[in-house]
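What's counted below: heavy atoms across the whole structure, side chains too, no hydrogens, waters or symmetry copies. First listed ligand is number 1; within each ligand, the first listed atom is number 1.
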Amino acid sequence: MTAPNSATEARLAIEGGSPVRETFLPYHKPFLGAEEEASILDSMRSGWLTTGPKTKAFESAIAEYVGAKHCVALNSCTAALHLGLEAVGVGPGDEVITSPLTFASTANVIVHRGATPVFADVEPDTFNLDANAFAAAITPRTKAVIPVHLFGQACDMDAIDATARKHGIAVIEDAAHAIGTEYRGRRIGGSGNLTAFSFYATKNITTGGEGGALTTNDAALAERLAIMSLHGISKDAWKRYSASGYKHWDIVYPGYKYNMFDLQAAIGLPQLEKIERFWDRRLELKARLDAGLRQIAELAFPAERDYGKHAHHLYPIVIRTEDLGVDRDAIMDAIQKENVGIGIHFRAVHLHPYYVEQWGFRRGMFPHSEYYSDRTLSLPLYPKMTDRDADDVVRVVQKVLEAYRKKA
Ligand SMILES: *Cc1c(COP(=O)(O)O)cnc(C)c1O
């Protein structure tokens, strides 16, 4: 390992030394430009702010991009996962399986349906849902599975789909990290499974802060999802104030208020056009980070399968804390004091107080998830970063690990 930059004091900033960076590098900054500004102005000047022509155009663009027949644009991926579970009939008495290494909402939506959350452990190298653990967690009450394409790498969907089909289990893919991800020659979202995307501010593309979508190849399901996303009122209710005159609408289901609106789609449309450029830049930055970090003995990295394009949504590292004598949180604090922001994706959901107290999960149940949960942090990786930013990240991690190695 190379020594910290000689211009920088080797003493950690957290112990009173000077930080590697003078200014803070945020964990994420969205890449918004003139196209997004023009598109949002166009919507504002047209007077059409809520769900309308831009949302419809965004739905078509997403469906075409991922290779799905239908897309329903929504106000979040959480809404998409919730609606997806509702659409396949998940309710009280049913069990839904997912992996513990995910965001809160993947598990919470199962509870929102009145169903029972069941976890299955992850693969010890990719940290994606283990198809064998999924198979072993199935009971006669299992109604659905939510594979999470963690970090932007696809789960092994052939194995998961085959097991689900054999048992009559619905598959709802959590593709919050996986817009643009490919699996064996096709994009995630086009498989025919219900697939939920997120366009939250930190995701690979954004609809301006919040946003989501569900894709499907089933026309009847898509129509029901559209109705459920807007109060359960009859089809195309968003057109009720059009020039052809006021039209009555009918409540056909007790739906939700989950619709995306045009100001969101106005930002999402030009973002989608830039997605390949964003990905190219992510790859360049990732290569820079890899070159500096892969040689550090105390770090490990999630395995990358060769079955398709990885969206590289995140840059997670696994810190072998057993070789250092300090825990992940100490390293996390030290890195931030050097003026580099970090994220944690994720602390295992089954160890959070609600899931322990209400559902009886405990440490020891999902060892691969727990190993990762205790040792990971995510370093900045986004197209707005400069090469220098990436080099600073490398220097900070080198400096911090060097300092703790001496103490170990
Ligand atoms: C961000 C995220 C979600 C939720 O997305 P929202 O659009 O914020 O609701 C769900 N699952 C995973 C894995 C995520 O990272």
Side-chain angles (χ1 to χ4, degrees), residues 27-28 30 55 58 62 71-86 96-113 117 119-120 122 126-129 144-155 157 160 171-181 188-189 193-215 225 229 256-261 264-265 267-268 271-272 302 310-316 342-350 352 355 369 372-373 376-378 380-382:
Y27 171 68
H28 180 80
T55 303
F58 186 65
I62 291 288
C71 170
V72 181
L74 300 164
N75 59 17
S76 71
C77 181
T78 305
L81 291 166
H82 185 209
L83 271 193
L85 290 180
E86 199 274 348
V96 179
I97 298 171
T98 192
S99 48
L101 291 184
T102 188
F103 184 59
S105 57
T106 319
N108 287 348
V109 293
I110 300 168
V111 179
H112 294 166
R113 292 301 310 151
F119 293 107
V122 295
T126 65
F127 307 107
N128 268 327
L129 175 65
V145 59
I146 310 179
V148 182
H149 304 300
L150 202 61
F151 320 131
Q153 170 162 254
C155 292
M157 290 310 296
I160 291 168
V171 182
I172 296 151
E173 300 178 39
D174 182 337
H177 298 179
I179 183 86
T181 298
I188 291 297
N193 292 333
L194 280 166
T195 305
F197 293 96
S198 176
F199 308 114
Y200 181 73
T202 59
K203 302 291 156 84
N204 277 20
I205 59 169
T206 185
T207 46
E210 303 285 351
L214 256 181
T215 59
L225 289 166
S229 74
Y256 300 95
K257 176 70 179 177
Y258 280 170
N259 55 303
M260 178 178 282
F261 60 102
Q264 289 173 293
I267 296 174
Q271 285 271 298
L272 185 59
H310 189 315
H312 295 300
H313 170 55
L314 299 173
Y315 192 94
I342 60 98
I344 305 277
H345 306 89
F346 295 95
R347 285 161 59 229
V349 172
H350 73 283
H352 283 262
Y355 286 93
S369 298
Y372 178 86
S373 169
T376 190
L377 57 84
S378 304
L381 177 70
Y382 49 95

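Contact annotation: for A176 versus ligand 1, heavy atoms closer than 4.0 Å belong to the side chain alone. In H177, the part holding a heavy atom less than 4.0 Å from any atom of ligand 1 is the side chain. Residue-level proximity to ligand 1 for S105 is carried by the side chain, the only part with a heavy atom below 4.0 angstrom. The residue L150 has no part lying near ligand 1, judged by heavy-atom distances below 4.0 Å.
Atoms of ligand 1 found under 4.0 Å from any heavy atom of G211, numbered from 1 in the order shown, are 7 (O). Those atoms of ligand 1 that come under 4.0 Å of a heavy atom in V148, given as number and element, are 13 (C). Proximity to S76 (heavy-atom distance under 4.0 Å) selects the following atoms of ligand 1: 7 (O), 9 (O). Taking every heavy atom of T102 and a limit of under 4.0 angstrom, the matching atoms of ligand 1 come to 13 (C). The ligand atoms of ligand 1 that sit less than 4.0 angstrom from a heavy atom of F346 are 15 (O). Distances below 4.0 Å separate heavy atoms of T106 from the following atoms of ligand 1: 11 (N).
Between F127 and H177, a ring centre-to-centre spacing not shorter than 6.0 Å is recorded. Aromatic ring centres of F103 and Y200 lie farther apart than the 6.0 Å criterion allows.
Between L74 and L83, the shortest heavy-atom contact is CD2-CD1, 3.8 Å.
Protein heavy atom in closest approach to atom 9 (O) of ligand 1: T78 OG1, 2.5 Å.
A side-chain contact (heavy atoms from CB on, under 4.5 Å) with P100 is found for one member of Y372, F346, F119, Y355 and no other, namely F119.
Between T181 and H149, the side chains place no donor N or O within less than 3.5 Å of an acceptor N or O (distance only, hydrogens not considered).
In terms of modelled atom types and a separation under 3.5 Å, the side chain of N204 and the main chain of A311 share a donor-acceptor contact. At least one donor-acceptor pair under 3.5 Å links the side chain of Q264 to the backbone N or O of E210. The main-chain N or O of I146 is found under 3.5 Å from a side-chain atom of T98 such that the two form a donor-acceptor pair. Counting only distance, with no hydrogens or angles, the side chain of N75 and the backbone of K257 share a donor-acceptor pair below 3.5 Å. The main-chain N or O of A201 is found under 3.5 Å from a side-chain atom of H28 such that the two form a donor-acceptor pair. T215 places a side-chain N or O within donor-acceptor distance of the main-chain N or O of G189, the cut-off being under 3.5 Å.
For C77, a nitrogen or oxygen atom sits less than 3.5 Å from a nitrogen or oxygen atom of ligand 1, counting backbone and side chain alike. Taking any N or O of D174, backbone or side chain, at least one lies under 3.5 Å from an N or O belonging to ligand 1. Considering backbone and side-chain atoms together, S198 places an N or O closer than 3.5 Å to an N or O of ligand 1. Inclusion of K203 in the set of residues having an N or O under 3.5 Å from an N or O of ligand 1 is warranted.
Remark: distances from the non-hydrogen atoms of G212 to ligand 1 are all 4.0 Å or more. Within the structure, ligand 1 lacks A104 among the residues with a heavy atom less than 4.0 angstrom away.
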